[in-house]
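Numbered from 1 within each chain, the chains take letters A, B, ... in sequence-line order. Keep in mind that the numbers below use all heavy atoms, side chains included, and drop hydrogens, waters and symmetry copies.
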Amino acid sequence: MTEASSSRLREGRRLSRPFFDRPTQRVARELLGAAVVVVGNDGRERAVRLVETEAYVHDDPANHAYRGPTERNRSMFERPGTLYVYRIHQVVCANLVTRPGEAVLLRAGAPLSPELGRPVGPGRLCRVLGLTLADDGVDAVTGGRLRVLARPGGAVLVAAAPRVGIRRAADRPLRFALVGSPWVSRPRPPAVGPFSEVSPTRSRGVAASRRTRTTRRRSSGGGRSGGRSAGR
DNA sequence: CCTCGGATCAGCT
DNA sequence: GCTGATCCGAGGA
């Protein structure tokens with residue numbers, strides 16, 4: 001890892017338990033821009049900056065925890081900030097738990113060191129970071145292998161869109177992406193709203209998140225571009 | 001038990 | 001755009 005990216009990784013403070021212990025949709029949006037850092041067996045750190053997340057919430061038939069605890073989703077009922085890793089086909093996907101039975105899927109990130117591959121898509125993101133099923137249940141707040149660091153910069157613009165690859169509750173806009181990031185997975189959210197502006201989370205808390213505002217797309221003109229072609 | 005299909009991805013048409 | 005890989009968790013055709 002280069003020195004530049006290494007120092008960049010020290011910038012944000014580690015996200016605390018109360019950060020994750022909030023409504024999942026809000027956590028999903030405010031995780032955008034946060035750094036996810038994973039320490040490998042060799043002590044090497046691999047890190048990305050999150051650019052895309054999805055919220056899986058209560059009363060959400062697409063949520064693995066929709067029907068309550070099972071052996072697979074056990075870690076979704078652990079403390080906020082726990083990692084839930086599950087397998088789909090030949091890959092694994094990772095989530096950060098918020099409240100019991102709810103979590104944020106980590107869908108894509110921007111690499112923070114050049115030797116990383118493309119952390120675009122939840123399976124590739126886990127592969128790039130070296131996350132496996134063995135990481136299911138680790139604590140991102142106090143654990144040693146996994147850290148999540150607050151986004152250092154100012155406010156960012158976030159687009160909301162339907163989640164990817166699900167059949168049930170397919171139209172709920174619970175997918176969030178940094179507007180303009182080239183690392184967002186496909187299908188890209190529309191280039192035009194609705195956006196929300198997310199302010200930085202402050203060290204005193206979480207209270208700063210209440211400043212989150214929503215900016216509505218101007219409906220003047222009405223050039224709706226790039227309609228999604230088909231639901232799955 | 002047995003079956004179904006998936007919070008995916010790469011590769012091909 | 002569409003399909004196959006590939007396999008296990010969850011629910012009951």
Candidate nucleotides dA10(C), dC8(C), dC9(B), ranked by approach to the side chain of Thr70(A) - the nearest: dA10(C)
Send over the distance from Asn63(A) CG to dA10(C) C1', rounded to a whole Å. 14 Å
Winner on side-chain proximity to Val91(A), out of dA7(B), dC9(B), dA5(C), is dC9(B)
Would you say Tyr86(A) stacks on dA7(B), if stacking means ring centres under 5.5 Å apart and planes within less than 30 degrees? no
Tell me: CZ of Arg167(A) to C1' of dC4(B), nearest whole Å? 11 Å
Take atom OH of Tyr66(A) and atom P of dA7(B), then tell me their distance rounded to the nearest Å. 14 Å
Residue Arg124(A), side-chain atoms from C-beta onward, closest of dC7(C), dA7(B), dA10(B): dA10(B)
Round to a whole Å and report the spacing from CZ of Arg175(A) to P of dA7(B). 15 Å
Considering only the P atoms, how many Å lie between dG6(B) and dC2(C), rounded to the nearest integer? 16 Å
Using atom CG of Asn95(A) as one end and atom C1' of dG6(B) as the other, report the distance to the nearest whole Å. 14 Å
What is the separation between atom CZ on Arg67(A) and atom C1' on dG11(C), rounded to the nearest whole Å? 7 Å
Is it the case that over 12 heavy atoms from other parts of the model lie below 6.0 angstrom from the CZ atom of Arg74(A)? no
Applying a 4.0 Å non-hydrogen cut-off, can you work out what Glu54(A) is touching in the nucleic acid: base, sugar-phosphate, or nothing? nothing
ring-ring contact (aromatic ring centres under 6.0 Å, His included) involving Tyr86(A) - partner list, sequence neighbours excluded: His64(A), Tyr84(A)
Can you tell me if the side-chain N/O atoms of His64(A) get under 4.0 Å from OP1 or OP2 in dA7(B)? yes
Return the minimal non-hydrogen interatomic distance between Pro119(A) and Pro111(A), and the atom names on each side. CD-CD, 3.8 Å
Protein-nucleotide distance (Leu105(A), atom CG; dT8(B), atom C1'), rounded to Å: 11 Å
Does the structure show a Watson-Crick or G-U wobble partner for dT6(C), both distances under 3.5 Å? Name it, or say none. none
Please determine if Arg22(A) forms a cation-pi arrangement with Phe19(A), meaning its NZ or CZ atom is less than 6.0 Å from the six-membered ring centre and no more than 45° off the ring axis. yes
Just name whichever nucleotide pairs with dA7(B), Watson-Crick or G-U, keeping both distances under 3.5 Å, else none. none
Looking at every strand, decide which applies to Arg72(A) at a 4.0 Å heavy-atom threshold: base, sugar-phosphate, or nothing. sugar-phosphate
Smallest separation among heavy atoms of Arg186(A) and Arg107(A), with atom names: O-NH2, 4.4 Å
Starting at atom CG of Asn73(A), determine the distance to atom P of dA7(B), rounded to an integer number of angstrom. 13 Å
Is Arg107(A) close enough to dT8(B) that one of its side-chain N or O atoms is under 4.0 Å from OP1 or OP2 there? yes
Nearest of dC7(C), dG11(C), dT8(B) to any side-chain atom of Val164(A)? dT8(B)
Could you measure between the two P atoms, the one in dT6(C) and the one in dC2(B), and give it in whole Å? 23 Å
So, is the end of the Arg163(A) side chain (NZ or CZ) under 6.0 Å from the ring centre of Tyr56(A) and within 45° of the ring's axis? yes
